[in-house]
Number of protein chains: 2
Amino acid sequence: MKTELCKVDEALSILVGKWKPIILLHLFSEGTLRFSELKRLMPNITQKMLTKQLRELEEEDIIDRVVYPQVPPKVEYSISEYGKSLETVLNIMHEWGSAHTKHMHEKKNKKILEQSH
Amino acid sequence: MKTELCKVDEALSILVGKWKPIILLHLFSEGTLRFSELKRLMPNITQKMLTKQLRELEEEDIIDRVVYPQVPPKVEYSISEYGKSLETVLNIMHEWGSAHTKHMHEKKNKKILEQSH
DNA sequence: CCGTATCCCGTAAGATACTG
DNA sequence: CAGTATCTTACGGGATACGG
């Protein structure tokens with residue numbers, strides 16, 4: 001990995017966005033979900049944001065979007081074949097994130113312990 | 001990886017910041033660098049931003065900061081022992097990022113080719 | 001049901017100047 | 001040399017209302 005050609009930012013740019021990791025996680029675990037189902041799984045997201053994040057993931061070929069031409073509308077989202085290559089990355093990040101949470105928690109406790117003397 | 005306990009965001013929060021990946025990359029490849037050396041390696045970063053990003057990485061225990069009490073001042077930065085656990089994550093992200101750049105590039109070419117017919 | 005269109009706000013990040 | 005301090009700008013994200 002040479003500093004002149006750092007592609008970490010490229011991966012980051014796909015993943016950043018307040019709701020993207022959780023959206024991907026839901027799609028990885030559920031397979032296929034309708035817009036309304038995703039919305040229900042994330043009560044705090046607004047329709048605008050959900051639409052935006054999904055469009056951006058679609059733009060990067062990570063997810064597939066299938067529109068059923070009917071009334072009322074039905075739109076299904078799923079991880080694309082190519083998008084599945086992201087699973088390893090997400091897993092590694094999740095594992096490191098978990099370990100880091102633990103690390104910082106222990107550090108905090110140690111500090112409190114020291115102060116009690 | 002359960003959706004209720006997504007820690008991907010935790011890892012992301014450490015890495016986001018316009019200059020953090022490149023700073024880490026330099027420190028991983030060079031070992032130890034002074035503030036001014038880092039600045040020289042990243043001509044476009046302002047002193048304020050460099051300081052801020054370094055402080056945030058230090059706060060998360062990723063890097064060590066050593067101040068030599070002398071005039072003129074000398075401050076050295078390096079990846080902490082704990083911070084080395086990030087290398088795997090960065091490598092995976094870098095590899096996926098490279099592959100993704102290639103993927104999107106090929107997709108673009110394919111599109112242009114189709115339009116020429 | 002699955003979106004857009006507006007308006008608004010907080011914060012990341014840049015420019016610039018100053019200091020022990 | 002290695003930082004602060006101050007001011008300004010850009011943009012992600014939220015609230016709300018409307019539309020096919």
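The sequence lines fix the lettering, A, B, ..., with proteins before strands; numbering per chain opens at 1.
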Between the protein and nucleotides 6-13 of chain C, list every N/O to N/O distance that falls short of 3.5 Å.
{"unit_1": "dA13(C)", "atom_1": "OP1", "unit_2": "Lys18(B)", "atom_2": "N", "d": "3.0"}

Between dG12(D) (P) and Ile45(A) (CD1): distance, integer Å
15 Å
Heavy-atom closest pair, residues Arg34(B) and Glu37(B):
N-OE1, 2.7 Å
Got a sec: does the NZ of Lys107(B) have more than 12 other heavy atoms crowding it under 6.0 Å?
yes
For dG3(D) and Tyr77(B) - does any side-chain N or O of the residue sit under 4.0 Å from the phosphate oxygens OP1/OP2?
yes
Once side-chain contact (heavy atoms from CB on, under 4.5 Å) is applied, do any residues pair with Val67(B), and if so which ones, sequence neighbours excluded?
Arg65(B), Val75(B)
With the criterion being N/O to N/O and under 3.5 Å, what pairs connect the protein with nucleotides 17-20 of chain C, and how long is each?
none

Just by modelled atom types, is the Ile62(B) backbone N or O under 3.5 Å from a matching donor or acceptor in the Ser80(B) side chain?
yes
Given atom NZ of Lys74(A) and atom P of dC1(C), what is their separation to the nearest angstrom?
13 Å
Tell me if a side-chain donor or acceptor on Lys39(A) pairs with a main-chain N or O of Ile45(A) at a distance below 3.5 Å.
yes
Kindly point out which of dA2(D), dG3(C), dG14(C) is positioned nearest to the side chain of Arg55(A)?
dG3(C)
Between Lys52(B) and Glu56(B), is the closest basic N to carboxylate O distance under 4.0 Å?
yes
Please pick, from dC2(C), dA15(C), dC1(D), the nucleotide with the shortest atom-to-atom distance to any side-chain atom of Thr46(B).
dA15(C)
Give a yes or no on whether the backbone of Ser78(A) and the side-chain of Thr32(A) come within a donor-acceptor separation of less than 3.5 Å.
no
Figure out the NZ/P separation between Lys39(B) and dG3(D), and round it to whole Å.
13 Å
Rounded to whole Å, please give me the gap between CD in Glu37(B) and C1' in dG3(D).
16 Å
In whole angstrom, give the distance that lies between atom CZ of Arg40(A) and atom C1' of dC1(C).
11 Å
Nearest whole Å is fine: how far is dG12(D) P from Leu12(A) CG?
15 Å
Between Gln53(A) and Trp19(A), which heavy-atom pair has the shortest distance, and what is it?
OE1-N, 3.3 Å
Distance in angstrom units between Leu38(A) CG and dG3(C) P, rounded:
10 Å
Parallel, tilted or perpendicular, as decided by the 30° and 60° cut-offs, for the rings of Phe35(B) and Tyr77(B):
tilted
Checking dA2(D), dC2(C), dG14(C) against the side chain of Ser36(A) (C-beta onward), the nearest is dC2(C)
Reckon Arg34(B) has a side-chain N or O less than 4.0 Å from the OP1 or OP2 of dA2(D)?
yes
Expressed as a whole number of angstroms, how long is the span from Leu54(A):CG to dC1(C):C1'?
14 Å
